[in-house]
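Remarks on the structure that follows.
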Amino acid sequence: TFVTKNTGNVMLTGVTVTDTDLPGLSTPTWKASDKSSPVGTLLVGESATYTASYALKQTDIDAGKVVNNAVAEGIPSKSDGTPIAGATNPKNNSSSGNATDTPTGTNPDGSPSGPTTTPLGVAPAITIVKSSSAPVPSATVGGVITYTYVTKNTGNVMLTGVTVTD
């Protein structure tokens, strides 16, 4: 969920949200605004909510988290049509140089904004099943028993350095 707010002093049109870190994230779509403006328009002080979805990858689960940033852009009324931007991570801000261009890198409530980190439930687990075969036709001195070990990653993260010790 992305919440954008027009913190400037002129109406914005063509408002869009782009996530800058998650390839594969669906395009953020406008859901609602608190002043009922049409899609893509923000009046002064108005907030709008956008939503998007992302399919987790094994590398995300192995990392135990997903980190992402977003940029909101809009075109100020009474301007040359150059978009302004605000970002969740201020280093990602772009600036048009217009007097109304005030990317803040803050949340709508004014608190500092930064990347969103979504922790994921990491649950490493492994099972092992051991079986054996008796010497055929019967046990004799020097007869060989063959043991078979089947290991299975039953968790949700990749395991490395797997060893079997009996």
Side-chain angles (χ1 to χ4, degrees), residues 1-7 14-34 39-40 42 46-74 83-96 101-166:
T1 302
F2 306 88
V3 178
T4 61
K5 183 174 183 177
N6 181 349
T7 57
V15 177
T16 61
V17 173
T18 306
D19 193 287
T20 59
D21 289 341
L22 291 178
L25 180 82
S26 67
T27 301
T29 57
W30 176 285
K31 285 308 201 191
S33 71
D34 61 358
V39 172
L42 288 177
E46 184 174 23
S47 294
T49 302
Y50 289 75
T51 60
S53 60
Y54 173 71
L56 289 172
K57 296 176 178 64
Q58 186 62 52
T59 53
D60 300 325
I61 297 169
D62 291 346
K65 63 185 174 187
V66 172
V67 178
N68 68 320
N69 289 289
V71 174
E73 290 187 317
I84 61 164
T88 58
N89 186 350
K91 73 179 178 137
N92 288 336
N93 283 344
S94 62
S95 178
S96 68
D101 186 7
T102 55
T104 61
T106 59
N107 291 315
D109 66 3
S111 64
S113 180
T116 299
T117 301
T118 305
L120 303 175
V122 176
I126 190 170
T127 61
I128 185 168
V129 175
K130 178 180 172 183
S131 62
S132 64
S133 63
V136 176
S138 62
T140 59
V141 173
V144 177
I145 299 174
T146 302
Y147 292 96
T148 302
Y149 305 86
V150 177
T151 60
K152 182 175 182 179
N153 181 347
T154 56
N156 67 350
V157 294
M158 179 176 65
L159 300 174
T160 60
V162 175
T163 60
V164 174
T165 306
D166 194 327

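Atom OG1 in T4 sits 12.0 Å away from atom CD in E73 (nearest 0.5 Å). Rounded to the nearest 0.5 Å, atoms OG1 (T49) and CZ (F2) are 11.5 Å apart. A distance of 11.0 Å separates OG in S53 from CG in L22, rounded to the nearest 0.5 Å.
When all heavy atoms are compared, the tightest approach of L159 to A125 is CD1-O, 3.7 Å. In terms of heavy-atom proximity, V15 sits nearest to Y50 at O-OH, 3.0 Å. Annotation for A70 and V17: closest pair CB-CG1, 4.3 Å, computed over non-hydrogen atoms. Residues A52 and P28 share a closest heavy-atom pair of CB-CA, 3.8 Å.
Formation of a donor-acceptor pair under 3.5 Å by the N156 side chain with backbone atoms of G121 is found in this model. Checking side-chain atoms of N6 against main-chain N and O of L42 turns up a donor-acceptor pair under 3.5 Å.
At most 12 heavy atoms of other shown residues, nucleotides or ligands fall within 6.0 angstrom of atom NZ in K65. Residue K31 qualifies as open at atom NZ: its count of foreign heavy atoms under 6.0 Å is 12 or below.
Residues meeting the side-chain hydrogen bond (donor to acceptor under 3.5 Å, both in side chains) test with D62, sequence neighbours left out: Q58. Among residues two or more places apart in sequence or in another chain, the side-chain hydrogen bond (donor to acceptor under 3.5 Å, both in side chains) test is passed with D60 by Y54.
With V66 as reference, L120 is the one residue of I61, L120, T59, L25 to meet the side-chain contact (heavy atoms from CB on, under 4.5 Å) rule.
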Show me, pair by pair, the donor-acceptor contacts under 3.5 angstrom made by side chains of residues 140-150, not counting sequence neighbours?
residue	atom	partner	partner atom	Å
Y149	OH	D166	OD2	2.6

